[in-house]
Number of protein chains: 2
Amino acid sequence: MTTQAQGLHTHVLDTLGLALTAGEYPPGSVLRTDELAQRFEVSRTVIREVVRVLESMHLVESRRRVGVTVRPTAQWNVYDPRVIRWRLAGSDRPRQLRSLTVLRSAVEPVAAGLAATHATPEQCRELTEEALGMVATSRGGQLEAYLVHDIAFHRVVLNASGNEMFARLGDVVAEVLAGRTHHQVMFEDPDPAAVTLHVQVAEAVRERDAARAEELTREIATGALRELDVLAP
Amino acid sequence: MTTQAQGLHTHVLDTLGLALTAGEYPPGSVLRTDELAQRFEVSRTVIREVVRVLESMHLVESRRRVGVTVRPTAQWNVYDPRVIRWRLAGSDRPRQLRSLTVLRSAVEPVAAGLAATHATPEQCRELTEEALGMVATSRGGQLEAYLVHDIAFHRVVLNASGNEMFARLGDVVAEVLAGRTHHQVMFEDPDPAAVTLHVQVAEAVRERDAARAEELTREIATGALRELDVLAP
DNA sequence: GTGACATAAAAGTCATACTTTTCGGTGCCG
DNA sequence: CGGCACCGAAAAGTATGACTTTTATGTCAC
């Protein structure tokens, strides 16, 4: 499950990142590179590179003569897919999932509207295909297969919006969907209403009906939000 | 203007990042760490750390026996404020500014609506204060002072939404506003209508009128978008 | 108490040596 | 002629130790 031994750097980064986002080191606490090097039994070189990356995520701040201090949560770079994954694996998953879903509910409808006017025929085809894939896998506990189509569907919508910022949220959405499937924040089978809505969105986009695509996507989003209320208190 | 000599790492990172986002090295081209070390006259250590950070932004990918290859634009981590700043300083600023503004137009109205129900009295106060500050500095070419209030205003709204993901967009919005001011993608004085709208948003939030706050913010956003149409073809 | 100064702790930088992965070619065999 | 296995070298990855720079903090004189 977790990334495995494809480089010391990756391993240490993942471990430390997970620990940090899990709140194992409260904000303000300081780490020292030598100490970390010892703990992980790697050279300072590796630790320094990891710290630099962590620093670029605003998880920590490294200052001379003081060490690597953990930053307050409010400063994390929460749009970095890795940070999302780490936090989704941690303890405050519910809150995390909620704020991400609220973001989706703001962005995806607009993106769907834009997609209706910008999608290429190829993208329309893909969209329909993934929606049908969702239908096909929506029963009988094929959650993993369903997830693949679900992710692909939303990715296509975001890409088809023609807006780069929306497109790049594909990874974020993917993490959210994967997270809620893998952490049992979901019913046994997907909500049939949601599945239908996806098919209809594909339809609306194909027919260039921006308003309808937007509205339908809004319904998907509010549905997801409602589902969260039930499953993640 | 550009970050200056506060560490070799920072300097090299900024320079390389700027060059990359400017498209100086087309996607697919490869850099070698030794070469970079020579070019910048720094040790491999520094270059490696820079590359790791660049890699964490998905600007490049480092592979053994092949080198550091530049990734296609579609994979950049465009939510990293540094990437935004670099790109805003580069050549395709118009397109960049547009996609960011579209994002804002999707997110900020929703955030404002949430802010109306979640804002603390203190935040309401700050909001009014910043709005008034905008009014006070909206005439006579005080663009810099105006910018400060503008940024602060939007930051408070995003924070007051109570949603972490929205809150973290504060930096992004700040980069956008700063970018469009500093790169002359703006009229001499801010649009008076926009200034008024900000005051009204503060009002709406203070009066807990979510729908109105959302609608007014939507108007600000569409106004900004229209302004872009005029100034950045 | 306040300010200048010395001290040392920690990150930052550098040079170098060594390890590991993997691309690309070479040649053998089918 | 084509495919497969093997080999070598190129580049990143890792480790280590020495040295530099910044800076928090304690000390001492005033």
Side-chain angles (χ1 to χ4, degrees), chain A residues 2-17 19-20 24-72 75 77 82, chain B residues 2-17 19-20 24-72 75 77 82:
Chain A
T2 35
T3 324
Q4 174 82 341
Q6 61 172 46
L8 284 183
H9 175 82
T10 309
H11 175 248
V12 174
L13 179 61
D14 241 40
T15 311
L16 242 188
L20 282 169
E24 234 159 89
Y25 309 87
S29 48
V30 300
L31 313 170
R32 261 154 305 132
T33 51
D34 293 347
E35 209 174 79
L36 290 172
Q38 275 198 310
R39 164 136 31 117
F40 287 98
E41 298 178 288
V42 296
S43 70
R44 280 185 357 260
T45 312
V46 171
I47 295 294
R48 293 199 89 272
E49 287 171 12
V50 167
V51 167
R52 277 266 140 88
V53 172
L54 254 19
E55 202 176 16
S56 99
M57 295 170 170
H58 281 68
L59 261 57
V60 301
E61 186 184 6
S62 177
R63 284 175 55 200
R64 271 174 156 134
R65 166 62 212 241
V66 50
V68 179
T69 74
V70 181
R71 290 189 159 200
Q75 300 183 16
N77 234 355
R82 258 168 316 184
Chain B
T2 34
T3 324
Q4 174 81 340
Q6 62 172 46
L8 284 183
H9 176 82
T10 309
H11 175 248
V12 174
L13 179 60
D14 243 39
T15 310
L16 243 187
L20 283 168
E24 234 160 272
Y25 309 88
S29 48
V30 300
L31 312 171
R32 260 154 305 130
T33 52
D34 294 342
E35 210 174 80
L36 290 172
Q38 274 198 309
R39 164 137 28 120
F40 286 99
E41 298 179 287
V42 297
S43 71
R44 257 183 5 125
T45 312
V46 172
I47 295 294
R48 293 200 89 272
E49 287 170 12
V50 167
V51 167
R52 277 266 137 90
V53 172
L54 255 20
E55 200 175 17
S56 99
M57 295 170 170
H58 282 69
L59 260 57
V60 301
E61 185 184 8
S62 177
R63 284 174 54 199
R64 268 173 156 134
R65 166 61 212 244
V66 52
V68 179
T69 74
V70 181
R71 289 190 162 200
Q75 301 182 18
N77 234 355
R82 259 169 315 184

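Because the structure is a prediction, the values reported are computed rather than measured. Lettering of chains follows the sequences in order, A, B, ..., and the numbering in each one begins at 1.
In this structure, the CZ atom of Arg48(B) is 11 Å from the P atom of dA15(D), given to the nearest Å. When the C1' atom of dG12(C) is taken as reference, atom CG of Asp34(A) falls 12 Å away, rounded to whole Å. At whole-Å resolution of the value, CD1 in Ile47(B) and P in dG13(D) are 13 Å apart. A straight line from CG of Leu36(A) to C1' of dA11(C) spans 13 Å, rounded to a whole angstrom. The separation between Arg32(A) atom CZ and dT23(D) atom P is 19 Å, rounded to whole Å. Rounded to an integer number of Å, the gap from Gln38(A) CD to dA15(D) P is 14 Å. Atom CZ of Phe40(B) and atom C1' of dC14(C) are 17 Å apart (whole Å). At whole-Å resolution of the value, CG in Leu8(B) and P in dT20(D) are 15 Å apart.
The shortest distance between side-chain heavy atoms of His9(B) and Val53(B) falls below 4.5 Å. Within the 4.5 Å cutoff, the side chain of Val46(B) has no heavy atoms near those of the Phe40(B) side chain.
A distance of 7.0 Å separates NE2 of His58(A) from CD of Gln75(A), quoted to the nearest 0.5 Å.
Scanning both residues, Tyr25(B) and Val70(B), for their nearest heavy atoms gives O-CG1, 3.6 Å. For Thr33(A) against Ile47(A), the heavy-atom pair with the smallest separation is O-CG2, 3.9 Å.
With sequence neighbours excluded, the residues satisfying side chain to side chain contact (heavy atoms under 4.5 Å, CB included) with Arg63(A) are Glu61(A), Val66(A).
For Thr33(B) and dA11(D), the shortest distance from a side-chain N or O to OP1 or OP2 is not below 4.0 Å.
Using a 4.0 Å heavy-atom criterion, one finds that Leu31(B) contacts the sugar-phosphate atoms exclusively.
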Protein within reach of the bases, or only the backbone? For nucleotides 15-24 of chain C, mark each nucleotide 5' to 3' as B, S or -, using heavy atoms under 4.0 Å.
--B--BSBB-

